[in-house]
Amino acid sequence: MRVAAIYDIHGNLPALEAVLQDIRQAEVDHVVVGGDVVPGPMPRETLTRLLDLSIPVQFIQGNGEVAVLAEMAGTESIVPEQFREVMRWNAQRLHPEDEQVLASWPQTIRVEIRGLGEVLFCHATPRNDTEVFTRLTPEDRLLPVFEAVNVPLVICGHTHMQFDRTIGRIRVVNAGSVGMPYGEPGAYWLLLGPNVQFQHTLYDLTSAAERIRDTKYPQAQDFAHNVLQPRSEREVLEVFAKAELR
């Protein structure tokens, strides 16, 4: 079985469309969506596109879904003030049936993949959807997070940068981000089985930026700029170093 792992789409429909074209060409049997389908500039269109796929798809929740669901439920916001307008906008554009769909997604799933064995998919870490770690986080901080995970391979996302590292006896691979990557522009994802293949899909960034600007997304201009010119990995690693696991 060949599995595509796509994470952190963030409502970037043009990026998703390009990745799905590559997935079809790769003759993928199964897709795992690793959370943070939302928030973003085209939330409902992106969710609908994924739900309409003709091949089997499994979803897990990211912190983005958790925050949008809280907004839809009218509960106390769990995100900083500067992001609340985005969450409200996304919540207003999703339908009641979408709320049920997002709420039904688990926090983790396990999939048996030929050549890789049992693989655990999570959004940030196996125990939490917001914890931050990168390829530079010291291993001793991460051992308690992964020591109870009885699988050879964990696939994660959340920090929008691909990496491949070993924590104890467990291989941990970050799928990167389809819709909001750091580093070089494009869309990042994984092709799994019988090995791990890092994928980088190029697409028409100028057209994508125009489509994003044409939405009423509150941060459309910033989002479009980041599609064209993502922040550098070095800059983001410095920021994440202040927030990573201690």
Side-chain angles (χ1 to χ4, degrees), residues 1-10 15-16 18-37 50 53 55-60 62 106-127 129 131-139 142-143 145-203 230 233 236-237 240 244:
M1 180 170 68
R2 289 162 68 82
V3 176
I6 57 177
Y7 277 64
D8 296 287
I9 303 165
H10 284 287
L16 175 62
V19 167
L20 292 178
Q21 184 174 351
D22 280 359
I23 285 174
R24 284 191 294 271
Q25 292 175 352
E27 298 181 344
V28 165
D29 305 295
H30 194 89
V31 175
V32 174
V33 181
D36 281 13
V37 173
L50 291 167
L53 286 178
I55 57 177
V57 186
Q58 287 179 277
F59 297 83
I60 59 177
Q107 293 183 335
T108 64
I109 61 171
R110 294 171 182 247
V111 179
E112 188 74 25
I113 302 176
R114 180 176 60 87
L116 297 173
E118 187 178 35
V119 180
L120 174 70
F121 294 85
C122 60
H123 182 65
T125 71
R127 69 183 186 185
D129 61 21
E131 288 180 317
V132 171
F133 74 102
T134 71
R135 61 180 177 83
L136 301 180
T137 306
E139 184 181 21
L142 298 173
L143 286 171
V145 179
F146 291 90
E147 61 186 356
V149 179
N150 188 28
V151 294
L153 174 63
V154 173
I155 304 297
C156 63
H158 186 52
T159 54
H160 299 202
M161 293 177 289
Q162 290 181 334
F163 63 70
D164 187 350
R165 60 177 295 180
T166 300
I167 299 170
R169 293 177 297 175
I170 299 171
R171 184 181 183 184
V172 180
V173 178
N174 191 300
S177 171
V178 170
M180 290 182 62
Y182 299 125
E184 292 299 315
Y188 294 79
W189 55 288
L190 298 176
L191 183 59
L192 307 172
N195 51 20
V196 176
Q197 299 178 45
F198 288 91
Q199 303 294 315
H200 179 203
T201 295
L202 300 177
Y203 63 103
E233 183 187 48
V236 175
L237 285 172
F240 281 161
E244 67 184 15

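Residues His200 and Gly186 come closest through the heavy atom pair NE2-CA, 3.6 Å. Phe163 and Phe198 get closest at one heavy-atom pair: O-CZ, 3.7 Å.
Between Met161 and Val236, the closest side-chain pair of non-hydrogen atoms falls below 4.5 Å. The shortest side-chain heavy-atom distance between Leu116 and Leu192 falls under the 4.5 Å cut-off. Residues Ile113 and His30 are not in side-chain contact: their nearest non-hydrogen atoms beyond the backbone lie 4.5 Å or more apart. Looking at heavy atoms from C-beta onward, Ile167 lies out of side-chain contact with Val154 at the 4.5 angstrom threshold. Inter-residue side-chain proximity for Leu190 and Tyr7 is flagged as unmet; no heavy-atom pair is nearer than 4.5 Å.
A donor-acceptor pair is defined here as one N or O able to donate and one able to accept, closer than 3.5 Å; such a pair exists between the side chain of Glu139 and the backbone of Gly168. Judged by distance alone, with hydrogens and angles left aside, the side-chain atoms of His123 form no donor-acceptor pair with the main-chain N or O of Asp8 at under 3.5 Å. Under a 3.5 Å cut-off, the side chain of His160 and the backbone N or O of Met180 do form a donor-acceptor pair. Panel note: side chain Gln162, backbone Trp189; a donor-acceptor pair is recorded below 3.5 Å. Between the side chain of Thr108 and the backbone N or O of Pro126 there is no donor-acceptor pair closer than 3.5 Å. The closest donor-acceptor contact from the side chain of Arg165 to the backbone of Asn174 lies at 3.5 Å or more, if one exists at all. Using a distance-only test at 3.5 Å, with no hydrogens or angles considered, a donor-acceptor pair links the side chain of Asp29 to the main chain of Arg2.
Expressed to the nearest 0.5 Å, how far CD1 of Ile6 lies from CG of Asp36 amounts to 12.5 Å. Rounded to the nearest 0.5 angstrom, Leu120 CG and Glu118 CD are separated by 8.0 Å. Atom CD of residue Glu147 and atom CD1 of residue Ile170 lie 9.0 Å apart, to the nearest 0.5 angstrom. To the nearest 0.5 angstrom, Leu142 atom CG is 6.0 Å from Phe133 atom CZ. Between atom OG1 of residue Thr159 and atom OH of residue Tyr182 there is a gap of 8.5 Å, rounded to the nearest 0.5 Å. One distance of note links CG of Asp22 with OG1 of Thr201; it measures 3.5 Å at 0.5 Å rounding.
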Checklist entry - Given Tyr203 and Gln21, is the side chain to side chain contact (heavy atoms under 4.5 Å, CB included) satisfied, shown in steps? => result CA-CA 11 Å; Tyr203 63 103; Gln21 184 174 351; over 6 Å; no

Item to check | CA sep, side-chain torsions, deciding dist, call: Ile155, Val32, side chain to side chain contact (heavy atoms under 4.5 Å, CB included) | outcome: CA-CA 10 Å; Ile155 304 297; Val32 174; over 6 Å; no

Checklist entry - For Val33 and Ile9, what are the C-alpha separation, side-chain angles and deciding distance, and is it a side chain to side chain contact (heavy atoms under 4.5 Å, CB included)? => result CA-CA 9 Å; Val33 181; Ile9 303 165; 4.3 Å; yes

Item to check | Val132 vs His158, side chain to side chain contact (heavy atoms under 4.5 Å, CB included): CA-CA, chis, key distance, verdict | outcome: CA-CA 8 Å; Val132 171; His158 186 52; 4.1 Å; yes

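Around CD of Gln197, the count of heavy atoms belonging to other residues, nucleotides or ligands within 6.0 Å exceeds 12.
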